A.B. asks: 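Right, I'll just put the structure down here and ask away after.
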Amino acid sequence: MIEFDRVSVTYDGAAEPAVRDVSFTVPEGELALVIGRTGSGKSTLLRTINGLVPHFTGGTLAGRVLVNGRDTREYRPRDLADVVGFVGQDPLTGFVTDTVEDELAYSMESLGTPPDVMRRRVEETLDLLGLADVRDRALTSLSGGQRQRTAIGAALTSHPAVLVLDEPTSALDPQAAEEVLAALQRLVHDLGVTVVLAEHRLERVVQYADRVIEVPGGVGLVTTGLPADQMVTAPVAPPVVELGRLAGWSPLPLSVRDARRSAGALRTQLTGAVPLRRTVTFGVELARCSDLVVGYGSVTALRGVSTSIRAGEIVALMGRNGAGKSTLLNALVGIVPPRSGTVTASGADPRRTRPARLVQAVGLVPQEPADLLYAATVADECAGADADFKVAAGTCRALLARLAPDVADELHPRDLSEGQRLCLALAVVLCGAPPLLLLDEPTRGLDYGAKRRLVEILRELAAAGHAVLLSTHDVEMVAEVATRVMVLADGELVSDGETATVVAGSPAFAPQVAKILAPLPFLTVGEVATALERAS
Ligand SMILES: Nc1ncnc2c1ncn2[C@@H]1O[C@H](COP(=O)(O)OP(=O)(O)OP(=O)(O)O)[C@@H](O)[C@H]1O
Ligand SMILES: Nc1ncnc2c1ncn2[C@@H]1O[C@H](COP(=O)(O)OP(=O)(O)OP(=O)(O)O)[C@@H](O)[C@H]1O
């Protein structure tokens with residue numbers, strides 16, 4: 001169905017190709033998972049399948065990509081639309097209509113689908129993706145996850161033979177991610193649809209893949225193989241695989257279910273052991289909400305939230321798509337006003353604090369990192385941040401290099417990969433080292449290495465007396481870094497407590513290690529490794 005024959009792509013002005021000499025095939029009715037480091041060229045590779053590269057992005061494509069027999073150099077994206085459904089990394093830029101329902105119907109309309117079939121498929125998709133409540137909503141008013149659900153739904157409705165999805169679960173809550181992946185697997189198994197999907201959160205997807213395509217970046221060559229074989233050599237793998245490696249299980253498990261079957265001996269070994277965790281010494285209060293109510297028109301997004309966050313804490317904010325997480329972060333920086341109740345950040349009402357003072361007190365990395373970036377090059381962006389925060393020249397650039405090695409200084413932030421752009425936004429905010437740091441889904445596009453480095457930085461900040469509040473769906477990151485977890489459901493704070501207490505027994509929020517070793521109290525592979533070392 002898809003054939004790459006010695007494909008290289010070089011963007012205009014770039015010294016090196018973004019993907020180099022790639023050859024592989026994906027047969028009809030398979031799910032191929034594309035993996036690789038941040039900025040290694042996964043999106044570039046995906047965009048060649050529907051012709052966005054080179055027709056829209058510019059640059060040169062050498063070699064040949066055939067999709068269902070069509071050469072993508074001769075067929076433009078719209079001429080491939082009857083065969084390829086495409087879900088990009090940034091749903092907003094891909095939307096062509098104004099409301100959820102129109103967006104779901106659009107591709108069918110342009111392909112001339114009969115109205116009764118169209119209506120049926122729209123209803124099915126609204127149900128499948130949990131979008132019925134927002135069907136008439138303007139796309140611009142949706143939460144990040146609601147947007148991603150709509151983009152996936154819009155690609156599904158026209159029943160294309162090939163579906164290409166770029167990090168399709170990055171903004172989805174864990175339950176929605178599982179539902180979407182199960183639906184994709186049904187399309188593959190029952191209807192013979194061919195799916196190509198790039199993803200960093202391998203713990204969510206590797207068990208669904210028929211083959212893995214690894215894009216190494218740099219001068220390395222793309223390799224393909226069976227998921228279990230590729231995971232043996234992968235430099236960093238999902239927790240289930242890392243735990244299998246640590247315990248010496250063979251074959252390596254790819255799913256929690258497989259791992260549980262092998263875990264008997266490990267569980268016995270760990271019985272009675274207690275995980276070593278960082279103890280938090282609480283400092284001054286850096287954020288507080290009391291009976292906070294926030295809404296947009298007829299939508300009430302927060303319904304009486306009361307909480308406080310102290311220096312030294314790293315608090316994860318979790319909950320389903322649309323639960324109100326971004327709204328809470330935005331209220332803490334005064335972007336959205338309370339309808340009632342109060343909010344203070346670093347001791348002051350953010351809406352009554354001068355902007356110049358506020359950025360010194362509270363830093364927010366928004367869900368769309370591009371909202372924070374305004375310079376024409378990476379180098380200028382970093383220099384501007386150093387100047388704004390009056391820190392030593394080179395501070396921001398050093399943070400960026402720590403998070404994402406290999407980012408070119410002269411690139412426009414718009415031309416960075418998703419993960420590189422997020423790292424730049426993180427570096428810009430982190431270099432000001434605000435006492436209160438707010439991060440809205442800070443792991444999209446980040447490989448395991450980049451996430452690990454972000455975790456280190458957050459721990460250093462917390463140890464130095466800063467407070468961090470991060471909204472995220474990344475349950476593994478939460479298990480690694482959070483000292484406390486708050487869960488929002490439909491605008492209400494429904495749990496608030498120590499991480500292990502909140503996540504361990506939760507089907508949605510428990511990390512893989514907790515599920516594999518339950519009822520033992522471990523959350524991460526690191527905790528298990530330390531316990532084994534101490535025991536021996
Ligand atoms: N339009 C462009 N012009 C110049 N360079 C680009 C352009 N788009 C991407 N790049 C560069 O090409 C490389 C590959 O980017 P790509 O978006 O394909 O990576 P990726 O593997 O999808 O990354 P991520 O995991 O962050 O999504 C990156 O180094 C990026 O900076
Ligand atoms: N400008 C707006 N107009 C109308 N409704 C809005 C607007 N912004 C957000 N909402 C709604 O408010 C609710 C809370 O949105 P919010 O972005 O805070 O959710 P979230 O928990 O961050 O979701 P996600 O996990 O999908 O990012 C959602 O139902 C959303 O659709």
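Being a predicted model, the structure only gives us computed values, none of them experimental. One-based numbering, in listed order, for ligands and for the atoms of each.
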A.B. asks: Between the side chain of Glu381 and the main-chain N/O of Ala376, is any donor-acceptor distance below 3.5 Å?
C.D. replies: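 Not a single qualifying donor-acceptor pair exists.
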A.B. asks: Give the residue and atom name of whichever protein heavy atom lies nearest to atom 5 (N) of ligand 1, and the separation in Å to one decimal.
C.D. replies: Tyr11 CD1, 3.6 Å
A.B. asks: Does Thr57 have a heavy atom less than 4.0 Å from any atom of ligand 1?
C.D. replies: no
A.B. asks: Give the residue and atom name of whichever protein heavy atom lies nearest to atom 27 (O) of ligand 1, and the separation in Å to one decimal.
C.D. replies: Gln89 NE2, 2.8 Å
A.B. asks: Give the atom numbers and elements of ligand 2 that come within less than 4.0 Å of a heavy atom of Asn321.
C.D. replies: 23 (O), 24 (P), 25 (O), 26 (O)
A.B. asks: Measuring from Glu368:CD to Asp90:CG, what's the distance to the nearest 0.5 Å?
C.D. replies: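 If I round to the nearest 0.5 Å, the distance is 5.0 Å.
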A.B. asks: Contact between ligand 1 and Arg47 is defined here as a heavy atom of the residue under 4.0 Å from a ligand atom; is it met?
C.D. replies: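 Distance cut 4.0 Å: Arg47 fails for ligand 1.
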A.B. asks: With heavy atoms of Leu411 as the reference, note each atom of ligand 1 found under 4.0 Å away.
C.D. replies: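 Answer, ordered by atom number: 4 (C), 5 (N), 31 (O).
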A.B. asks: Which of the atoms in ligand 2, numbered in the order shown and given with their element, are less than 4.0 Å from a heavy-atom of Thr327?
C.D. replies: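 Close to Thr327: 14 (C), 15 (O), 16 (P), 18 (O).
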A.B. asks: Hey, does Gly419 come in under 3.5 Å of ligand 1, counting only N/O atoms on both sides?
C.D. replies: yes
A.B. asks: Do me a favour and list the nearest non-hydrogen protein atom to atom 14 (C) of ligand 2 with residue, atom name and distance?
C.D. replies: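 That would be Gly322 O, 3.4 Å.
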A.B. asks: For a 4.5 angstrom cut-off between non-hydrogen side-chain atoms, does Val428 reach Cys382?
C.D. replies: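 A side-chain contact under 4.5 Å is absent here.
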A.B. asks: Of all the atoms in ligand 1, which lie at a distance below 4.0 Å from a heavy atom belonging to Gly39?
C.D. replies: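 Atoms satisfying the 4.0 Å criterion: 13 (C), 14 (C), 19 (O), 20 (P), 21 (O), 23 (O), 24 (P), 25 (O), 26 (O), 28 (C), 29 (O).
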A.B. asks: Check ligand 2 against Gly144 and write out every atom of the ligand that is under 4.0 Å from a heavy-atom position of the residue.
C.D. replies: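 Reading through ligand 2 atom by atom, the close ones are 26 (O), 27 (O).
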A.B. asks: When you check the gap from the basic side-chain N to the acidic O, do Arg320 and Asp490 get nearer than 4.0 Å?
C.D. replies: no
A.B. asks: Can Glu456 and Arg402 be counted as an ion pair, charged N to O under 4.0 angstrom?
C.D. replies: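 So Glu456 pairs with Arg402 through a salt bridge.
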A.B. asks: Consider every N or O of Asp12 and every N or O of ligand 1, then say whether any pair is closer than 3.5 Å.
C.D. replies: no
A.B. asks: Please determine whether a side-chain nitrogen of the Lys or Arg among Asp496 and Arg484 lies less than 4.0 Å from a carboxylate oxygen of the Asp or Glu.
C.D. replies: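 Salt bridge present between Asp496 and Arg484.
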A.B. asks: Tell me the protein heavy atom at minimum distance from atom 7 (C) of ligand 2, and give that distance in Å.
C.D. replies: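 Going atom by atom, the protein heavy atom closest to atom 7 (C) of ligand 2 ends up being Ser141 O, 3.2 Å.
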A.B. asks: So which heavy atom in the protein is nearest atom 10 (N) of ligand 1, and how far is it from that ligand atom?
C.D. replies: Asp415 O, 3.2 Å
A.B. asks: Among Gln146, Lys325, Arg320, which residue places a heavy atom closest to atom 29 (O) of ligand 2?
C.D. replies: Gln146
A.B. asks: Judged by non-hydrogen atoms, does Arg147 sit under 4.0 Å from ligand 2?
C.D. replies: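 Under 4.0 Å: no for Arg147.
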A.B. asks: Would you check if the side chain of Thr169 reaches a backbone N or O of Leu172 as a donor-acceptor pair within less than 3.5 Å?
C.D. replies: no
A.B. asks: Quick one: look up the protein heavy atom nearest atom 17 (O) of ligand 1 and list residue, atom name and how far away it is.
C.D. replies: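 Nearest protein contact, heavy atoms only, for atom 17 (O) of ligand 1 is Ser417 CB, 3.2 Å.
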A.B. asks: Tell me, do Leu129 and Val180 make a side-chain contact under 4.5 Å, heavy atoms counted?
C.D. replies: yes
A.B. asks: Salt bridge (Lys or Arg N to Asp or Glu O under 4.0 Å), that's the test. Do Asp474 and Arg201 meet it? Break it down for me.
C.D. replies: CA-CA 8 Å; Asp474 192 325; Arg201 293 184 193 157; 3.5 Å; yes
A.B. asks: Quick test of your reading of the structure: of Gln420, Glu167, Arg421, whose heavy atom lies closest to atom 28 (C) of ligand 1?
C.D. replies: Gln420
A.B. asks: Does His412 have a heavy atom less than 4.0 Å from any atom of ligand 1?
C.D. replies: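 Outside the 4.0 Å threshold, so no.
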A.B. asks: Applying a 4.0 Å heavy-atom criterion (strictly less than), which segment of Ser43 is in contact with ligand 1: side chain, backbone, both, or neither?
C.D. replies: both
A.B. asks: Could you establish whether Gly36 and ligand 1 come within less than 4.0 Å of each other, counting only heavy atoms on the residue side?
C.D. replies: no
A.B. asks: Under a heavy-atom criterion of less than 4.0 Å, does Arg137 contact ligand 2?
C.D. replies: yes
A.B. asks: Would you say Gly41 and ligand 1 have an N/O pair spaced under 3.5 Å apart?
C.D. replies: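 Checking ligand 1 against Gly41, an N or O pair does fall under 3.5 Å apart.
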A.B. asks: What atoms of ligand 1 come within less than 4.0 Å of a heavy atom belonging to Ala18?
C.D. replies: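 Going through ligand 1 atom by atom, the ones under 4.0 Å from Ala18 are 12 (O).
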A.B. asks: Looking at ligand 2, is there an atom of it that comes within less than 4.0 Å of some heavy atom belonging to Gly297?
C.D. replies: no
A.B. asks: Do Val455 and Met477 make a side-chain contact, defined as non-hydrogen atoms from C-beta onward lying under 4.5 Å apart?
C.D. replies: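 Counting from C-beta outward, Val455 and Met477 do come under 4.5 Å.
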A.B. asks: Taking atom CZ of Arg78 as the centre, report whether more than 12 heavy atoms of other residues, nucleotides or ligands fall under 6.0 Å from it.
C.D. replies: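 No, CZ of Arg78 has 12 or fewer neighbouring heavy atoms, counting only those of other groups under 6.0 Å.
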A.B. asks: How about CZ on Arg6, more than 12 heavy atoms from neighbouring residues, nucleotides or ligands closer than 6.0 Å, or not?
C.D. replies: no
A.B. asks: Can an N or O of Gly324 be found at a distance shorter than 3.5 Å from an N or O of ligand 2?
C.D. replies: yes
A.B. asks: Between Gly145 and ligand 2, is there a nitrogen or oxygen pair with a distance under 3.5 Å?
C.D. replies: yes
A.B. asks: Which atoms from ligand 2 have a heavy atom of Ser326 less than 4.0 Å away?
C.D. replies: 17 (O), 18 (O), 20 (P), 22 (O)
A.B. asks: Who's the nearest protein heavy-atom neighbour of atom 20 (P) of ligand 1, and how far?
C.D. replies: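 Minimum-distance protein heavy atom for atom 20 (P) of ligand 1 reads Lys42 N, 3.5 Å.
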A.B. asks: Check this for me: does any side-chain nitrogen of one of Glu30 and Arg211 sit under 4.0 Å from a carboxylate oxygen of the other?
C.D. replies: yes
A.B. asks: Might you work through the side chain to side chain contact (heavy atoms under 4.5 Å, CB included) test for Leu364 and Val429, ending with a clear yes or no?
C.D. replies: CA-CA 7 Å; Leu364 168 69; Val429 172; over 6 Å; no
A.B. asks: Considering the heavy atoms of His473, write down every atom of ligand 2 situated less than 4.0 Å from one of them.
C.D. replies: 25 (O)
A.B. asks: State which residue, out of Arg147, Arg149, Gln146, fulfils the side chain to side chain donor-acceptor pair (under 3.5 Å) condition with Asn321.
C.D. replies: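 In the set Arg147, Arg149, Gln146, the residue that makes a side chain to side chain donor-acceptor pair (under 3.5 Å) with Asn321 is Arg149.
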A.B. asks: Output the list of atoms in ligand 1 that are nearer than 4.0 Å to some heavy atom of Thr44, sorted by atom number.
C.D. replies: 14 (C), 15 (O), 16 (P), 18 (O)
A.B. asks: Could you tell me whether Arg397 and Asp386 make a salt bridge, using a distance below 4.0 angstrom between a side-chain N and a carboxylate O?
C.D. replies: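 No salt bridge links Arg397 with Asp386.
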A.B. asks: Could you check atom 1 (N) of ligand 2 against the protein and tell me its nearest heavy-atom contact, residue, atom and distance included?
C.D. replies: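 Here the closest protein heavy atom is Tyr296 CD2, 3.7 Å.
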A.B. asks: Has Gly319 got any heavy atom lying under 4.0 angstrom from an atom of ligand 2?
C.D. replies: no
A.B. asks: Are Asp166 and Lys42 close enough for a salt bridge, meaning some N to O gap below 4.0 Å?
C.D. replies: no
A.B. asks: Taking OH in Tyr106 as the centre, count heavy atoms belonging to other residues, nucleotides or ligands within less than 6.0 Å. Is the count above 12?
C.D. replies: no
